[in-house]
Amino acid sequence: MIQKIPARIKKFVTALFKERLDPGRAAAAVFLGLFIGIVPIYGFQTLAAVGLALIFRLNKPLIVASTFINNPILQPLIILSSIEVGIFLRHGHFQLLKLSILTHMPAKDDLITWVLGSLVFGIIVGGIGALVTAIAIHLKSPANPRLRDRLRFVNQTFAQSAISDRCFVWCKMRLDRIFGMLAAEDLGSGTVVDLGCGFGMALCDTAFDENGRRLVGCDLNARRIAVARQALSSLNAEVSVQDVRHFELPSAGLILILDVLQYLPAEEQLALLKRCCSALDPQGRLIFRAHDLDRGLWSTITLALDYLLFTYERTGTRPLILSAPQYQRALEDAGMQVETRRFRNRLPLAHILFIAKKPFAEAAP
């Protein structure tokens with residue numbers, strides 16, 4: 001019995017360290033661990049980490065280990081950085097601080113600045129750590145051969161782009177599960193339209209099986225359109241700087257709307273979906289995704305990151321996401337056959353993928 005104890009301990013520890021190490025959950029564990037380690041809840045960090053790991057079924061050693069960012073060597077730098085971020089958030093500018101400030105007793109106003117800054121700084125550092133973790137786990141995980149070929153095709157298409165753009169495309173294609181989901185779907189035939197196409201990655205991905213397929217896209221970001229125009233020059237692609245609300249939709253076999261609807265008011269979102277349904281060929285598909293509002297903490301994190309993005313882009317608006325039943329009702333009212341896929345990205349973002357198929361028109365009597 002005693003001789004079996006070391007083997008059982010080894011088996012238990014091995015299972016503990018290997019639990020839930022898929023890219024998404026590993027990234028979530030690192031994100032929460034780093035965030036907890038930076039937020040000043042000293043004395044409760046390990047307890048909070050273990051509690052969240054149990055609630056969300058994350059890798060417990062990984063989330064606890066990530067809280068060790070708050071060690072004696074890095075702690076002064078973390079506190080100073082948090083205060084700097086807090087000063088920027090409250091006053092609109094940074095203030096170069098020295099380590100000597102840590103020897104003084106902080107006033108109430110300084111504590112508020114510290115706490116506020118630590119929350120945002122924790123999200124930034126946690127996001128970077130989650131990104132690195134997801135990439136590392138993904139590279140070590142066995143890949144789907146078909147998906148790997150599609151990724152290689154997209155990377156080769158963007159091979160002449162600037163190195164920063166190539167890095168963005170490389171990371172986006174591997175971290176965003178939408179590309180794996182598109183690879184598993186029947187994308188039909190005919191013209192592909194991508195509203196809010198950005199760099200044109202989704203357009204390029206849909207051309208993997210049919211190089212001559214007509215690709216049409218629009219986006220408000222002129223720099224991204226310039227990159228897309230250069231990268232997709234070898235394909236049958238037409239991309240332009242236009243507003244999706246006024247873009248003239250051609251007859252299409254596939255229309256994509258990825259991460260665009262939340263920029264529009266509710267009535268304009270529904271009007272755009274209705275226009276897309278009308279532009280589809282029979283058996284054509286409209287595929288778009290929206291934030292999943294019913295996933296608790298994951299939904300909160302997704303919305304928080306969107307708020308940060310909107311603030312960074314200075315849109316002057318807040319993200320607006322309708323409920324899943326509202327989107328589904330609008331599609332069904334337009335005569336579409338609707339399927340939904342709930343999923344979480346490799347970063348802790350919760351989404352719903354809507355796949356609406358236009359049926360054949362009924363023969364006139």
Side-chain angles (χ1 to χ4, degrees), residues 23 127-128 130-132 134-185 187-244 247-250 252-260 263 287-289 309 312-313 345-347 349:
I128 295 173
L131 177 65
V132 173
I135 292 175
I137 297 290
H138 178 72
L139 290 176
K140 293 188 68 174
S141 302
N144 181 327
R146 177 173 171 78
L147 179 58
R148 185 172 59 242
D149 291 340
R150 298 177 80 99
L151 296 179
R152 187 181 297 114
F153 172 75
V154 175
N155 288 333
Q156 290 173 349
T157 304
F158 283 84
Q160 301 305 316
S161 301
I163 187 170
S164 58
D165 298 326
R166 294 203 309 270
C167 288
F168 176 81
V169 170
W170 190 91
C171 293
K172 178 76 171 175
M173 292 294 294
R174 282 157 179 78
L175 291 178
D176 197 336
R177 281 205 172 110
I178 188 66
F179 297 103
M181 299 177 78
L182 289 176
E185 293 292 335
L187 301 180
S189 59
T191 300
V192 179
V193 177
D194 188 358
L195 300 177
C197 64
F199 289 102
M201 289 174 287
L203 286 173
C204 181
D205 183 65
T206 58
F208 173 73
D209 294 315
E210 187 182 344
N211 278 0
R213 195 169 188 181
R214 185 188 178 202
L215 311 175
V216 179
C218 70
D219 198 282
L220 283 176
N221 191 306
R223 196 189 79 80
R224 292 177 183 173
I225 287 295
V227 174
R229 193 172 285 143
Q230 178 196 33
L232 305 180
S233 59
S234 61
L235 301 175
N236 184 17
E238 310 161 25
V239 291
S240 57
V241 180
Q242 290 193 54
D243 191 321
V244 298
F247 184 68
E248 185 175 347
L249 291 168
L254 173 66
I255 299 178
L256 302 172
I257 310 176
L258 306 177
D259 306 322
V260 170
Y263 286 86
I287 299 179
F288 69 93
R289 72 173 168 191
L309 180 62
Y312 172 76
E313 293 179 345
N345 250 319
R346 290 190 171 90
L347 296 179
L349 305 176

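In what follows, residues are counted from 1 in the order of the sequence shown. What's counted below: heavy atoms across the whole structure, side chains too, no hydrogens, waters or symmetry copies. Just so it is clear, the structure is predicted and the values come from calculations on it, not from any experiment.
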Notebook entry, point to check: For Asn236 and Gly212, which heavy atoms make the closest approach, and how far apart are they?
Noted result: ND2-O, 3.4 Å
Notebook entry, point to check: Applying the side-chain contact (heavy atoms from CB on, under 4.5 Å) test to Arg289, which of Ile257, Leu256, Asp259 qualifies?
Noted result: Asp259
Next item on the list: For Gln230, check side chain to side chain contact (heavy atoms under 4.5 Å, CB included) against everything at least two apart and list the hits.
Entry: Ser161
Note to self: Could you go through Asp205 and Met173, starting from their C-alpha distance and side-chain angles, then the distance that decides it, and tell me whether this counts as side-chain contact (heavy atoms from CB on, under 4.5 Å)?
What the structure shows: CA-CA 10 Å; Asp205 183 65; Met173 292 294 294; 4.2 Å; yes
Check: Are Ile287 and Ile255 close enough, and set up right, to give a side-chain contact (heavy atoms from CB on, under 4.5 Å), and what steps lead you there?
Finding: CA-CA 6 Å; Ile287 299 179; Ile255 299 178; over 6 Å; no
Margin query: Please enumerate all residues that pass side chain to side chain donor-acceptor pair (under 3.5 Å) together with Arg229, with sequence neighbours excluded.
Written below: none
Checklist line | Where Arg150 and Ala183 come nearest, the two heavy atoms and their spacing | finding: CD-CB, 3.5 Å
Item checked: Counterpart residues, ring-ring contact (aromatic ring centres under 6.0 Å, His included), relative to Phe168 (two or more places apart) -> Phe199
Item checked: Verdict with supporting geometry, Phe247 and Val216, side-chain contact (heavy atoms from CB on, under 4.5 Å) -> CA-CA 11 Å; Phe247 184 68; Val216 179; 3.5 Å; yes
Checklist line | Selection residues 210-227 - residue pairs positive for side chain to side chain donor-acceptor pair (under 3.5 Å), sequence neighbours left out | finding: Asp165-Arg223, Arg214-Glu238
Notebook entry, point to check: If you measure from CE on Met201 to OG1 on Thr157, what distance do you get to the nearest 0.5 Å?
Noted result: 12.0 Å
Checklist line | Set of residues satisfying side chain to side chain contact (heavy atoms under 4.5 Å, CB included) with respect to Val244, sequence neighbours excluded | finding: Leu195, Cys218, Val260, Leu264, Leu272
Item checked: salt bridge (charged side-chain N to carboxylate O under 4.0 Å, His left out) partners for Arg152, two or more places apart -> Asp149
Next item on the list: List the steps, then state whether side-chain contact (heavy atoms from CB on, under 4.5 Å) holds for Leu203 with Val239.
Entry: CA-CA 10 Å; Leu203 286 173; Val239 291; 4.0 Å; yes
Check: What distance separates Phe179 CZ from Cys204 SG, expressed to the nearest 0.5 Å?
Finding: 9.5 Å
Margin query: According to salt bridge (Lys or Arg N to Asp or Glu O under 4.0 Å), does anything in residues 153-162 pair up with another residue at least two apart or in another chain? List the pairs.
Written below: none
Check: Got a sec, which pairs hit ring-ring contact (aromatic ring centres under 6.0 Å, His included) with one end in residues 200-244, sequence neighbours left out?
Finding: Phe153-Phe208
Check: Taking the side chain as C-beta and beyond, is there a heavy-atom pair between Leu254 and Val193 under 4.5 Å?
Finding: no
Next item on the list: Provide the closest heavy-atom pair for Ala228 versus Gly198 in the form atom of the first, atom of the second, distance.
Entry: CB-O, 3.9 Å
Note to self: Tell me every residue that passes side chain to side chain donor-acceptor pair (under 3.5 Å) with Gln160, counting only those two or more places apart in sequence or in another chain.
What the structure shows: none
Next item on the list: Using side chain to side chain donor-acceptor pair (under 3.5 Å) as the criterion, list what pairs up with Asp243, not counting sequence neighbours.
Entry: Arg245
Check: Looking at OG1 of Thr206 and CG of Leu182, how far apart are the two atoms once the value is rounded to the nearest 0.5 Å?
Finding: 8.5 Å
Checklist line | Residue pairs fulfilling side chain to side chain donor-acceptor pair (under 3.5 Å) with at least one residue in residues 189-200, sequence neighbours excluded | finding: none
